[in-house]
*Asks:* 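Structure below; questions to follow.
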Amino acid sequence: MSTEERPASSNFIRTIISEDLESGKRDQVITRFPPEPNGYLHIGHAKSFSLNFGLAEDFNGRCHLRFDDTNPIKEDDEYVEAIKADVSWLGFDWGEHLHFASDYFDQLYLWAVQLIKAGKAYVDSQSADEMRENRGTLTAAGIDSPFRNRSIEDNLALFEQMKNGEFADGSHILRAKIDMSSPNMNLRDPAMYRIMHTDHHRTGDKWCIYPMYDFAHGQGDSIEGVTYSICTLEFEDHRPLYEWFLQELDIFAPQQIEFARLNLSYTVMSKRKLLQLVNDKHVSGWDDPRMPTLVGMRRRGYPAAAIRTFCERIGVGKGASWIDLSVLEECVRDRLNESAFRRQAVLNPVKVTITNYPADKVEELDAPNHPQQPEQGTRKLPFGNELYIDRDDFMEDPPKKFFRLGPGREVRLRNAYIIKCNEVIKDETGEVVELICSADLDTLGKNPADGRKVKGIIHWVAAQQATEVSVRLYDRLFNQENPDKAENYIDAINPESCTETTAMVEPGLIDVAAGETFQFERVGYFSVDSKDSKPGAPVFNRTVTLRDTWAKMK
RNA sequence: UGGGGCGUCGCCAAGCGGUAAGGCACUGGAUUUUGAUUCCAGCAUUCCCAGGUUCGAUCCCUGGCGCCCCAGCCA
């Protein structure tokens with residue numbers, strides 16, 4: 001616990017809860033995160049569970065993890081394990097409260113029977129098409145099903161037969177008897193139970209009827225004693241139904257509160273689309289580093305703490321909001337700037353020969369792991385007469401504001417000497433292949449004695465001691481701010497979202513562990529890929545670039 | 001043309017009748033062996049519009065305008 005006052009930017013949900021606690025309407029805070037195990041979690045889910053778990057932490061309550069597994073044809077254990085891992089990765093703990101909607105199937109069935117007996121539910125035998133036609137439209141009332149007034153006995157018998165597997169999928173359905181003319185479509189006799197002869201990932205073949213979301217969610221909340229059932233805006237219209245079931249069943253009533261889901265620019269968030277990206281091989285999998293999934297971001301090198309910061313930073317509201325991807329990237333930089341060790345790597349090498357440095361000499365220079373955190377120690381950086389620097393750091397005819405290397409110019413080699421470019425060697429095509437330089441050997445760890453200023457600092461590696469490694473440069477997956485607005489979002493995929501290349505790196509970058517993230521000084525943050533790296537042969541994923549005001553000036 | 005929501009700085013977002021928080025972005029300037037980081041300063045006389053109530057309104061009322069969601073036996 002920090003003694004500092006946390007800024008705790010408030011939001012409308014926090015306000016509601018504080019007032020309820022103060023007025024005595026509620027005496028504790030129990031929330032829940034209810035994912036359907038039919039896909040991997042993405043950053044939008046992170047916003048949701050950070051909110052739910054965060055509220056529980058703030059008010060000394062608890063947050064349950066409950067899988068909304070009411071539709072067996074879409075759900076799978078693979079997803080429940082992945083989801084648990086993702087929530088844990090972000091640092092949240094549901095403790096003993098791991099639940100499944102399917103844990104409540106027996107109780108739900110009893111409640112359905114109870115509603116039938118009360119004349120509040122009936123078995124409809126219309127086809128799905130007929131039901132759709134009779135539901136009416138947004139502006140026209142629906143009409144009652146011809147089966148709406150079946151006797152309670154018939155309904156009981158039919159529902160029993162549905163449960164016993166005596167009917168084919170789609171032949172009958174249990175509906176709540178509410179109001180076919182309601183202006184709220186959700187109240188026009190919504191479906192409660194459908195027939196599905198499908199095995200369930202947890203209950204196996206025990207059931208061939210499964211409850212709908214609307215008939216399961218509120219009751220699940222109620223059973224668990226959830227006080228605040230926080231969901232996204234599209235469920236606002238479901239709230240009257242959520243409350244109707246709780247009231248008719250006369251059970252504990254949680255309060256549903258809706259907030260706006262996250263929209264992130266240059267990405268898509270719908271599970272259907274993410275699944276298509278995976279299935280159609282536009283990406284390498286759910287954990288492709290370009291995916292907005294948590295597994296993708298983890299592999300990309302995004303720290304869990306950065307994602308939590310992001311979720312706090314964007315706030316919670318009820319207006320449809322669009323957050324720019326750069327906000328997330330800035331959170332990642334913030335975090336990595338603190339934690340990542342610094343290293344030197346040259347992505348686009350051009351050779352430099354230091355004429356006044358002995359060819360057979362190799363110095364082991366000390367370079368800090370983190371300049372702002374000397375306690376993190378140093379590593380050895382070999383220096384010889386042949387080096388590589390980045391091609392971008394040399395210009396033959398530089399503009400006045402360019403303070404890197406150029407003919408006759410001086411530049412500081414980071415953590416080493418100041419050198420001066422005396423000659424430029426090109427090949428037949430006119431491409432620069434080598435720079436002949438001289439070093440000021442009296443500038444190691446100090447500025448020139450004569451007081452001359454050398455503004456430019458560039459990174460480098462010793463040619464003989466450098467190793468070539470694989471590097472993947474990632475960029476935004478889509479090149480349109482809102483891919484959903486494209487004729488086809490697939491066409492909006494950025495063809496340059498992943499560029500495979502290599503880099504010449506210092507020795508300190510070879511014996512590294514999967515998932516470790518470094519700052520390649522002056523370039524960006526790079527994370528050791530967890531799948532494709534091999535001992536002694538790491539593959540680096542570019543997590544995010546460093547801010548580059550020079551690039552902006554150009 | 002039905003119902004449910006939302007409109008406060010470029011992007012988020014506090015505020016709930018007493019005279020516009022904060023973050024990000026942006027712009028200056030300082031420090032810096034990363035054109036990074038850090039630091040300091042600036043950045044809405046105004047809250048979608050128009051009326052009204054009030055000593056006083058972003059907050060209340062009326063009427064407009066704009067945007068989002070709903071017609072799955074998905075969640």
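In the text below, chain A, chain B and the rest are named by the order of the sequence lines, each starting its count at 1.
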*Asks:* Could you work out which one of B:U34, B:G3, B:A14 sits closest to the side chain of A:Ser10?
*Replies:*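 Ranking B:U34, B:G3, B:A14 by closest atom to the A:Ser10 side chain puts B:A14 first.
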
*Asks:* Say you pick atom P in B:G22 and the same atom in B:A30; how far apart are they, in whole Å?
*Replies:* 25 Å

*Asks:* Applying the Watson-Crick and G-U wobble criteria at under 3.5 Å, what pairs with B:U38? Answer none if nothing qualifies.
*Replies:* B:A30

*Asks:* Looking only at heavy atoms, what is the nearest atom pair of A:Ala101 and A:Arg66, with distance?
*Replies:* N-CG, 4.0 Å

*Asks:* For the side chain of A:Gln344 and the backbone of A:Trp460, is there at least one donor-acceptor N/O pair under 3.5 Å apart?
*Replies:*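 Indeed, once roles are kept as given, a pair shorter than 3.5 Å links the two residues.
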
*Asks:* Only pairs with both distances under 3.5 Å count, Watson-Crick or wobble alike; so what is the partner of B:C67 in this structure?
*Replies:*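 When the pairing criteria are applied, B:G5 turns out to be the nucleotide that pairs with B:C67.
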
*Asks:* So A:Phe259, base contact, sugar-phosphate only, or nothing? Heavy-atom distance under 4.0 Å.
*Replies:*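 The residue A:Phe259 makes no contact with any strand.
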
*Asks:* At under 4.0 Å between heavy atoms, what does A:Tyr210 touch on the DNA or RNA strands: base, sugar-phosphate, or nothing?
*Replies:*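 Result for A:Tyr210 = nothing.
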
*Asks:* A:Arg452 vs A:Glu410, test: salt bridge (Lys or Arg N to Asp or Glu O under 4.0 Å). Steps then yes/no.
*Replies:* CA-CA 10 Å; A:Arg452 69 186 195 281; A:Glu410 278 192 300; 2.6 Å; yes

*Asks:* Under 4.0 Å, heavy atoms only, any strand: does A:Leu138 hit a base, just the sugar-phosphate, or nothing?
*Replies:* base

*Asks:* Honestly, is A:Lys163 close enough over A:Tyr109, meaning NZ or CZ under 6.0 Å from the six-membered ring centre and within 45° of the axis?
*Replies:* yes

*Asks:* In the structure shown, which nucleotide is the Watson-Crick or G-U wobble counterpart of B:A44, with both distances under 3.5 Å?
*Replies:* none

*Asks:* Let me spell it out: for each of A:Gly317 and A:Lys455, pick the nucleotide of RNA chain B with the closest heavy atom. Which residue's pick is nearer the 5' end?
*Replies:* A:Gly317

*Asks:* Can you tell me if A:Arg547 touches the phosphate of B:C26, counting only side-chain N or O atoms and a distance under 4.0 Å to OP1 or OP2?
*Replies:*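 True: A:Arg547 side-chain N/O within range (under 4.0 Å) of B:C26 OP1/OP2.
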
*Asks:* Which part of the nucleic acid, if any, lies within reach of A:Ala416 when heavy atoms closer than 4.0 Å are counted: base, sugar-phosphate only, or nothing?
*Replies:* base

*Asks:* Taking B:U46 as the reference, what is the distance to B:G15 when you measure between their C1' atoms (whole Å, please)?
*Replies:*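 Per the computed distance, 14 Å lies between those C1' atoms.
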
*Asks:* Given that both distances must come in under 3.5 Å, which nucleotide forms a Watson-Crick or G-U wobble pair with B:G51?
*Replies:* B:C61

*Asks:* Any donor-acceptor pair under 3.5 Å joining the side chain of A:Arg522 to the base of B:U34?
*Replies:*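 Not at all, since no donor on one side and acceptor on the other fall under 3.5 Å apart.
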
*Asks:* Atom CZ of A:Arg175 to atom P of B:G72: distance rounded to whole Å?
*Replies:* 12 Å

*Asks:* Given the rule in the side chain to side chain donor-acceptor pair (under 3.5 Å) test, do A:Gln255 and A:Tyr242 qualify, once you have shown the distances and angles that lead to the verdict?
*Replies:* CA-CA 9 Å; A:Gln255 178 180 357; A:Tyr242 180 101; over 6 Å; no

*Asks:* Please figure out whether A:Lys401 or A:Ser326 has its closest RNA chain B nucleotide nearer the 5' end.
*Replies:*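 Upstream on the strand: A:Ser326.
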
*Asks:* Taking ring pair (Phe, Tyr, Trp, His ring centres under 6.0 Å) as the definition, give me every residue that meets it alongside A:Phe215, ordered by chain and number, with sequence neighbours left out.
*Replies:*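 Partners of A:Phe215 under the ring pair (Phe, Tyr, Trp, His ring centres under 6.0 Å) test: A:Tyr193, A:Phe245.
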
*Asks:* Using the glycosidic torsion, which applies to B:G52: syn (within 90° of 0) or anti (everything else)?
*Replies:* anti

*Asks:* Let me know the distance between CG of A:Leu262 and P of B:C68, rounded to the nearest Å.
*Replies:* 18 Å

*Asks:* Should the side chain of A:Asp237 and the base of B:G3 be counted as holding a donor-acceptor pair, with the cut-off at 3.5 Å?
*Replies:*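 Under the 3.5 Å cut-off, the side chain and the base do form a donor-acceptor pair.
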
*Asks:* Look at the side chain of A:Thr549 and decide which nucleotide, out of B:U37, B:G35, B:C24, has an atom nearest to it.
*Replies:*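 Given the options B:U37, B:G35, B:C24, the side chain of A:Thr549 is closest to B:G35.
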
*Asks:* In whole angstrom, what separates A:Asn11's CG from B:G23's P?
*Replies:*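 Nearest whole value for this atom pair: 18 Å.
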
*Asks:* Any base atoms under 4.0 Å from A:Val523, or only sugar-phosphate, or nothing? Heavy atoms, all strands.
*Replies:* nothing

*Asks:* Please write out the pairs of protein N or O atoms and N or O atoms of nucleotides 73-75 of chain B separated by less than 3.5 Å, giving the distance to one decimal.
*Replies:*
from: B:C73; atom 1: OP1; to: A:Arg135; atom 2: NH2; distance (Å): 3.2
from: B:C73; atom 1: OP2; to: A:Arg135; atom 2: NH1; distance (Å): 3.3
from: B:C73; atom 1: N3; to: A:Gly170; atom 2: O; distance (Å): 3.4
from: B:C73; atom 1: N4; to: A:Gln126; atom 2: O; distance (Å): 3.0
from: B:C73; atom 1: N4; to: A:Ala128; atom 2: N; distance (Å): 3.2
from: B:C73; atom 1: N4; to: A:Gly170; atom 2: O; distance (Å): 2.9
from: B:C74; atom 1: OP2; to: A:Arg194; atom 2: NE; distance (Å): 3.1
from: B:C74; atom 1: OP2; to: A:Arg194; atom 2: NH2; distance (Å): 2.9
from: B:C74; atom 1: O3'; to: A:Arg194; atom 2: NH2; distance (Å): 3.2
from: B:C74; atom 1: O2'; to: A:Asn71; atom 2: ND2; distance (Å): 3.2
from: B:C74; atom 1: O2'; to: A:Lys74; atom 2: NZ; distance (Å): 2.9
from: B:A75; atom 1: OP1; to: A:Thr70; atom 2: OG1; distance (Å): 2.6
from: B:A75; atom 1: OP1; to: A:Arg194; atom 2: NH1; distance (Å): 3.3
from: B:A75; atom 1: OP1; to: A:Arg194; atom 2: NH2; distance (Å): 2.9
from: B:A75; atom 1: OP2; to: A:Tyr213; atom 2: N; distance (Å): 3.0
from: B:A75; atom 1: O3'; to: A:Asp68; atom 2: OD2; distance (Å): 3.4
from: B:A75; atom 1: N6; to: A:His238; atom 2: NE2; distance (Å): 3.2

*Asks:* Could you state the CG-P distance from A:Asp189 to B:G72, rounded to the nearest angstrom?
*Replies:*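 Whole-Å distance recorded here is 15 Å.
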
*Asks:* Across the strands shown, which category fits A:Gly142 at heavy-atom distances under 4.0 angstrom: base, sugar-phosphate, nothing?
*Replies:*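 No contact at all - A:Gly142 keeps every heavy atom at 4.0 Å or more from the nucleic acid.
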
*Asks:* Please determine whether any donor N or O and acceptor N or O are separated by less than 3.5 Å between the side chain of A:Glu338 and the base of B:U37.
*Replies:* no

*Asks:* Under 6.0 Å between ring centres, would you say that holds for A:Phe100 and A:Phe67?
*Replies:*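 Yes, the ring of A:Phe100 comes within the 6.0 Å limit of the ring of A:Phe67, centre to centre.
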
*Asks:* Regarding A:Gln372, tell me which of base, sugar-phosphate or nothing describes its non-hydrogen contacts under 4.0 Å with the strands shown.
*Replies:*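 It contacts base atoms.
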
*Asks:* Side chain of A:Thr139 only, heavy atoms from C-beta on: which candidate in B:A13, B:G35, B:G2 is closest?
*Replies:*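 Comparing B:A13, B:G35, B:G2 against the side chain of A:Thr139, the answer is B:G2.
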
*Asks:* Would you kindly give the CD-to-C1' distance between A:Glu329 and B:C11, to the nearest whole Å?
*Replies:*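 The distance from CD of A:Glu329 to C1' of B:C11 comes to 14 Å, rounded to the nearest Å.
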
*Asks:* Between B:G10 and B:A44, how many Å separate the two C1' atoms, rounded to a whole number?
*Replies:*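 These two C1' atoms come out 12 Å apart once rounded.
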
*Asks:* When both hydrogen-bonding distances must be under 3.5 Å and the geometry is Watson-Crick or G-U wobble, what is B:C24 paired with, if anything?
*Replies:*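 Base-paired to B:G10.
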
*Asks:* Tell me, please, whether A:Tyr266 has A:Arg476 positioned over its six-membered ring: NZ or CZ under 6.0 Å from the ring centre and within 45 degrees of its axis?
*Replies:* yes

*Asks:* If we take the P atom in both B:G72 and B:G64, what is their distance in whole Å?
*Replies:* 31 Å

*Asks:* To the nearest angstrom, how far is A:Lys552 atom NZ from B:A36 atom P?
*Replies:* 9 Å

*Asks:* Any side-chain N or O of A:Arg188 below 4.0 angstrom from OP1/OP2 of B:A71?
*Replies:* no

*Asks:* Touch check for A:Leu264, heavy atoms < 4.0 angstrom, all strands: base, sugar-phosphate only, or nothing?
*Replies:*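 Here A:Leu264 touches no strand at all.
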
*Asks:* If I take atom CD1 in residue A:Ile323 and atom P in nucleotide B:A25, what distance separates them, rounded to the nearest angstrom?
*Replies:* 13 Å

*Asks:* Using the side-chain heavy atoms of A:Arg414, tell me which of these nucleotides is nearest: B:C26, B:U33, B:G15.
*Replies:* B:U33

*Asks:* Between atom NZ in A:Lys446 and atom C1' in B:U32, what is the gap in whole Å?
*Replies:*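 For the pair A:Lys446 NZ and B:U32 C1', the rounded distance is 20 Å.
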
*Asks:* Would you indicate, yes or no, if B:G15 has its OP1 or OP2 atom less than 4.0 angstrom from a side-chain nitrogen or oxygen of A:Thr15?
*Replies:*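 Affirmative; the distance criterion is met.
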
*Asks:* Just jot down the salt bridge (Lys or Arg N to Asp or Glu O under 4.0 Å) partners of A:Arg194, sequence neighbours excluded, or say none.
*Replies:*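 Testing A:Arg194 for salt bridge (Lys or Arg N to Asp or Glu O under 4.0 Å), a comparison that skips the adjacent residues, returns none.
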
*Asks:* So is A:Arg175 actually on top of A:Tyr122's ring, under 6.0 Å and inside 45° of the axis?
*Replies:* no

